[in-house]
Amino acid sequence: MSDLENQESEFTRLLQRAPFDDQPALEHRQALHARVMAEFDREVGPPMTRPAWQLAFMKGQEIMRRPASRLLVSAASLAIAAVWLFVPGGQTTAQAFNRFAAAVVAAKTAHFQMEVRVGGLPIQQFQTWYLAPGRYRQETGTTINISDMSAGKIVSIIPAEKKVVVMTFKGAPKDKISANYFERLRELLADNRKAKEAQYELLGEKEIEGKPVVGFRYDSSAEMVTMWGDPATGQPVRIESVFKGVPRTEVAMADFEFNVELKESMFDVSPPAEYKIQSFDVDTSESREQDLVKAFQSCSEIGGGEFPATLDMAGVTQLITKFAMRRVKDGTEFSDDDFQGLMKQSIAIGRGFQFTLTLPESADAHYAGKGVKRDEKNRAIFWYRPQDLKTYRVIHADLTVNDSETAPQIEGAKRIQKAGPSNKASDK
């Protein structure tokens with residue numbers, strides 16, 4: 001069986017994870033009810049302080065091991081979360097939710113398991129360690145990712161290949177950069193006291209790995225957070241987030257250990273001795289129209305003259321996969337120089353696509369590049385209306401740009417939307 005077939009089988013296995021039974025027994029419901037009533041009579045917990053950062057760039061974390069086709073596919077990912085019965089008198093659902101949230105925000109160190117799914121792609125699984133402020137270590141079994149936002153660096157170590165990929169963020173203050181969903185969650189939970197009570201929902205109780213837990217949901221403008229916690233200890237057990245935006249991003253964290261002793265050496269971003277180093281700069285300044293044009297150029301080069309079917313990670317991954325299959329079919333070895341070039345293109349694609357996410361709904365932005373070849377004359381692939389203007393900006397397949405008083409009329413054009421969760425996050 002070829003590696004591509006093995007990869008497809010692995011993806012299928014991940015996608016077929018079955019949910020477990022979340023219907024608790026009557027005896028458990030009664031016992032947990034009594035415990036929750038007692039525990040939530042306590043104070044909500046210590047005040048939460050707000051971390052000084054703001055998400056400026058998001059990137060995929062995992063670099064898959066060779067063969068080349070697997071590494072190529074992951075390169076696209078790399079570069080481019082009220083049942084009032086449970087609330088005792090005087091305490092709101094928001095206060096109960098924040099009792100669990102306080103443990104996350106106040107943590108100086110943490111160790112937990114993380115699962116990430118971006119744009120419908122297979123789940124990526126990490127064992128994660130956090131050390132305040134803004135340092136992370138994530139292990140996948142084949143790759144070690146270390147992030148130090150004070151240094152503005154992310155280092156991916158691939159021991160089997162004795163290779164290190166170093167990404168340096170430029171164009172934004174270092175304290176305004178984050179590369180980890182846990183930090184974004186901490187920021188959200190630290191700031192959610194401004195939220196209205198209607199944004200919170202009590203989900204009831206169930207068991208997770210034999211442990212009785214109670215669940216809450218907080219629906220903010222940025223993401224929907226579902227938090228399951230132990231009412232006896234006030235500690236979160238599982239946190240699920242669905243980010244509102246494109247691409248759809250779902251993150252689950254579990255098996256938390258807070259304020260554990262961690263060695264500083266775990267977060268050292270210095271490349272190991274005798275490892276081959278590949279370095280990339282990532283521009284985190286605000287993206288512009290010309291960055292989107294460059295992204296289309298990179299897509300067409302990777303895609304053999306084609307543009308992606310969709311303006312998201314899934315669309316780019318499809319191009320990367322086809323590129324990998326062409327290399328395998330031709331028997332062409334994928335060199336380190338090839339990898340270096342592809343990574344630069346992937347970073348450019350991610351930066352350009354960010355521009356589409358900054359456009360408001362009033363921009364009436366559309367994409368119509370599916371099935372279109374590069375250099376087709378007079379063929380619009382993207383258009384939008386800049387703020388406070390009546391004319392549209394139109395990007396064509398030959399990468400020229402012009403103004404138009406009206407939007408192009410192309411069958412199959414897809415409107416760019418800030419797609420949030422289509423429904424409530426799974427309670428499984």
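Side chains included, hydrogens not; waters and symmetry mates left out as well; all remaining heavy atoms used.
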Atom pairs and distances, side-chain donor-acceptor, residues 252-260, under 3.5 Å, sequence neighbours left out:
{"residue": "Glu257", "atom": "OE1", "partner": "His111", "partner atom": "ND1", "Å": "2.9"}
{"residue": "Asn259", "atom": "OD1", "partner": "Lys108", "partner atom": "N", "Å": "2.9"}

Taking the six-membered ring where the residue is Trp, are the ring centres of Tyr181 and Phe243 under 6.0 Å apart? yes
Within 45° cone of Phe307 ring axis and under 6.0 Å: Lys373 NZ or CZ: no
Lys/Arg N to Asp/Glu carboxylate O, Arg184 vs Glu223, below 4.0 Å: yes
For Val401, check side-chain contact (heavy atoms from CB on, under 4.5 Å) against everything at least two apart and list the hits. Glu289, Val293, Arg393, Ile395
Gln124 CD to Arg117 CZ distance, which is reported to the nearest 0.5 Å: 10.5 Å
Can you name the closest pair of heavy atoms from Asp281 and Lys170 and give their distance? OD2-NZ, 3.3 Å
Please report the shortest heavy-atom distance between Ala368 and Ala413, naming the atom on each side. CB-CB, 3.9 Å
Are any of the side-chain nitrogens in Glu139 or Arg137 under 4.0 Å away from the carboxylate oxygens of its partner? yes
Lys/Arg N to Asp/Glu carboxylate O, Arg351 vs Asp283, below 4.0 Å: yes
I'd like to check the salt bridge (Lys or Arg N to Asp or Glu O under 4.0 Å) partners of Lys322; sequence neighbours left out, ordered by chain and number. Glu306
Between Lys153 and Asp148, does at least one N-O distance fall below 4.0 Å, as a salt bridge requires? no
Any residue meeting side chain to side chain donor-acceptor pair (under 3.5 Å) with Lys370, in chain and number order, not counting sequence neighbours: none
Checking the side chain of Ser346 only, and the main-chain atoms of Leu342 only, is there a donor and an acceptor separated by less than 3.5 Å? yes
May I ask you to decide if Phe353's main-chain N or O and Thr356's side chain share a donor-acceptor pair within less than 3.5 Å? yes
Show the nearest heavy-atom pair for residues Ala397 and Glu376, with the distance to one decimal. CB-O, 3.6 Å
For the residue pair Phe97 and Phe216, categorise the inter-ring angle as parallel (less than 30°), tilted (30 to 60°) or perpendicular (more than 60°). perpendicular
Once you measure the plane-to-plane angle for Phe182 and Phe112, does it fall in the parallel (<30°), tilted (30-60°) or perpendicular (>60°) bin? tilted
When you look at Arg288 and Glu286, which way does the salt bridge (charged side-chain N to carboxylate O under 4.0 Å, His left out) test go after all the steps? CA-CA 7 Å; Arg288 297 172 292 180; Glu286 184 177 357; over 6 Å; no
In terms of side-chain geometry, is the basic nitrogen of Arg135 or Glu264 positioned less than 4.0 Å from the acidic oxygen of its partner? yes
Looking only at atom types and distance, does a side-chain atom of Thr143 sit under 3.5 Å from a main-chain N or O of Thr140, one as donor and one as acceptor? no
List the residues meeting side-chain contact (heavy atoms from CB on, under 4.5 Å) with Gln387, not counting sequence neighbours, and say none if there are none. none
With sequence neighbours left out, the residues meeting side-chain contact (heavy atoms from CB on, under 4.5 Å) with Pro408 are Ala380, Trp383, Val394, Ile410
Return yes if some donor-acceptor pair links the side-chain N/O of Arg385 with the main-chain N/O of Ser362 below 3.5 Å, else return no. yes
Salt bridge (charged side-chain N to carboxylate O under 4.0 Å, His left out), that's the test. Do Arg374 and Asp398 meet it? Break it down for me. CA-CA 6 Å; Arg374 171 78 180 272; Asp398 61 1; over 6 Å; no
Would the distance check show the side chain of Tyr367 and the main-chain N or O of Pro308 forming a donor-acceptor pair, the cut-off being under 3.5 Å? yes
Pair Asp219, Tyr200: side-chain N/O donor-acceptor within cut-off below 3.5 Å: no
Nearest 0.5 Å, what's the OH-OG distance between Tyr130 and Ser147? 12.0 Å
